[in-house]
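Have a look at the structure below before the remarks.
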Amino acid sequence: MLAIIESAPTALVMIDCAGRIVLLNAETERLFGYRREALLGQSIEILVPERFRGRHADYRTGYLIAPEARTMGVGRELYGIRQDGSEFPIEIGLNPVETGEGVFVLSAIVDISERKESEVRFRQALESAPMAMIMIDDRGIIDLANTEAGRLFGYPPGEMIGQSVDVLVPDSSRGAHPGLRTDYFKSPNARRMGLGRELYGRRKDGSQVPVEIGLSPLRTAQGRFVLSAIVDISERKRAEEAQRILNEELERRVLERTAALERSHEALERSNVDLQQFAYIASHDLQTPLRGMAGCAQLLEERFGSALGQDGGALIRRIVGGAIQLQSMIKDLLEYSKIDSRERPFENISLDKVFTDAIGLLYSSIQEAGARVTKGELPWVRGDRAQLTQLMTNLIGNAVKYHGSDPPRVHVTASLDEGGAVISVRDNGIGIAAEHQDGIFEAFRRLHTQQSYPGTGIGLAVCRRVVARHGGRIWVESALGSGSTFHFTLSAASRGSEP
Ligand code: ADP
C-alpha cells in the first residue's frame, strides 16, 4: 500500500485530524520542492499561500465534521505554494481514512497550471476574435464574452458574465429559447443557428439587432459549453433592403414600359388591320373599275379601231398596258401587306428544297433568258416555307431579269457562323450604283422603265419584310456594270424531317 502511494504519479499527502502531515510521496516532494523531512509533522497550511491559510484551517475543521470523498473548493480557484514561494493552481481530491487515531484525510493534488494556461490562451484568442464571441454552459449561463460581444449587445466589459444568455434574446423568442438550447445540448454539432429564420439579438437598452450566429459545442474539464460567434448583419440587411427597393422600382418601370409597349403594339396592330383592310378594299374595289377601264379600252379598239386610226390604236394600247401594270401593282401590294398577317409557325426547312421550288416557279423566265442558275451546299434553316420560297424566287428572278448583254449566270451559296446562316445570291448582271443600294428595298422603288425592265418595284420590299419577320437582315453588294450579290441571314436549324 505504501509503495503504491509512494510511486503514484499524483502528489498524495495524508494529514491527521490536527492537520499535521503524516505521509507524503515523491511526487509531492517534486511538486512543492520540499524534502520529505521538511514537511513531515508540519501543518498542511505550509503548502497553502499565506492569504488563504486562515480560511483553510476553518475548512479543514468543517470537513472533519462530515468527511466524505469529494473535490475541494468546487467553483473556487485553489493555489499551492512551493518552498521557493512560487504559487501554482491546483485541484484537490479529498478522501477520509479511518484510523485507530481518528479520521485522517488523504489528499490528491494535481497541478493544473497547463490547463489554466491553455484556458488563458483560449480566452485571449476569443478576446482578439474580430467578431462577438459568447460561451455559455449547459444551463445557459454566460461563462465568457469578449469585448466585441459587449459592444454588440451594449454591455460594459465583464457585465454579461454570469447572466443567463436569455437576456440577449428578444422578448418575442425568449420563451422558446431554453427548449432550443436543451435540444442543442442533446445533440450538439457545429452549425448555423436558426437556419431559414431571421435572428435578432437584444441589446441592454432593449433595442434589437439582426444577427447571424454560428454555434460550436465545446467539452472541457469543467463541463459542456456552447461557443457562439455572432455577426451583426444590420449593414447587410440595409443593403438588401436598398436592393429590394431598387428592384421594386425597376420592376415598376419595366411594367410601365411593358404596358406602354403593349399600348403601342395594340395601336400598331389596329393600324395593321386598317392597312390590310385598306389593301383588301384596294384590291377589290380598285380592280373592278380598273378591269372596266381596260375592258372599255379594248372594246373601243375593237369597234372603233379603224375610225381612230393608228395613233388612236397606240393610245388605246397604252391605256390597256397602264391598266394591266396598275393591276399587277395592286396585286403585289396586297401580297406585301399580307406578309406579317400570315402567321404560320416556323419549321426546319431545307434551303435546297426552297431553291428547287423557286427554280420550278421561274422555269419559263430562265428558259427565255437562257440563264444558268446553280447552287452550292445549302443548309437547313428555321422559317416559313412559303415566305422563304417567295424570297428565293424574287432574288433569283431579279438576278435573271437584270442582265446585260451576257447570258445570266446566277449562283446561290451559304455560309454558317455562330448559329446563323448567310445566304448569297450572286449574278453577273447590270449591277446597282452605290447610291441606290439602300433605296431599292423600299416599296415601288425602281431604277428602270417598264420598257427596259418590267416590274412593280415591290419584290425587294417583300424580301426585306420576309427576312425581318425571320429575325434576319438583307443587303446588297454591287457596283454598276459588274453584277450584284444579295446577302440575307436566317437562323440555322438542325436537319429536319422534310422529304
Ligand atoms: P422590280 O424588280 O419589280 O422592279 P424589286 O423591288 O425586285 O422590283 O427591285 C427594285 C429595283 O432594284 C429594280 O427595279 C432594279 O433596279 C434593282 N434590282 C433588283 N435586283 C437587281 C439585280 N439583281 N441586279 C440589278 N438591279 C437589281
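Counting starts at 1 for both ligands and their atoms, in listed order. In this chain, residues are counted from 1 in sequence order. These values consider heavy atoms only, across backbone and side chains, with no hydrogens, waters or symmetry-generated copies.
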With heavy atoms under 4.0 Å as the rule, classify the contact between [X] and ligand 1 as side chain, backbone, both or neither.
| X | result |
| --- | --- |
| Leu395 | neither |
| Tyr453 | neither |
| Ile432 | side chain |

Is the shortest distance from a heavy atom of [X] to ligand 1 less than 4.0 Å?
| X | answer |
| --- | --- |
| Gly429 | no |
| Lys401 | yes |
| Phe441 | no |

Just wondering, more than 12 heavy atoms not from [X] lying within 6.0 Å of its [atom1]?
| X | atom1 | answer |
| --- | --- | --- |
| Arg303 | CZ | no |
| His436 | NE2 | yes |
| Glu248 | CD | yes |

Going by the order shown, which atoms of ligand 1 are within less than 4.0 Å of some heavy atom of [X]?
| X | value |
| --- | --- |
| Gly455 | 3 (O) |
| Arg446 | 1 (P), 4 (O), 14 (O) |
| Gly459 | 5 (P), 6 (O), 7 (O), 8 (O) |
| Leu460 | 5 (P), 6 (O), 7 (O), 9 (O), 10 (C), 12 (O), 19 (C) |
| Arg445 | 10 (C), 11 (C) |

query: According to the interplanar angle, ranging from 0 to 90°, do the rings of Phe346 and His470 count as parallel (below 30°), tilted (30 to 60°) or perpendicular (above 60°)?
result: parallel
- line: The side chain to side chain contact (heavy atoms under 4.5 Å, CB included) partners of Arg192 (sequence neighbours excluded) come to Leu195, Glu212
message: Check Asp352 with Lys375, please: is the shortest side-chain N to carboxylate O separation under 4.0 Å?
response: yes
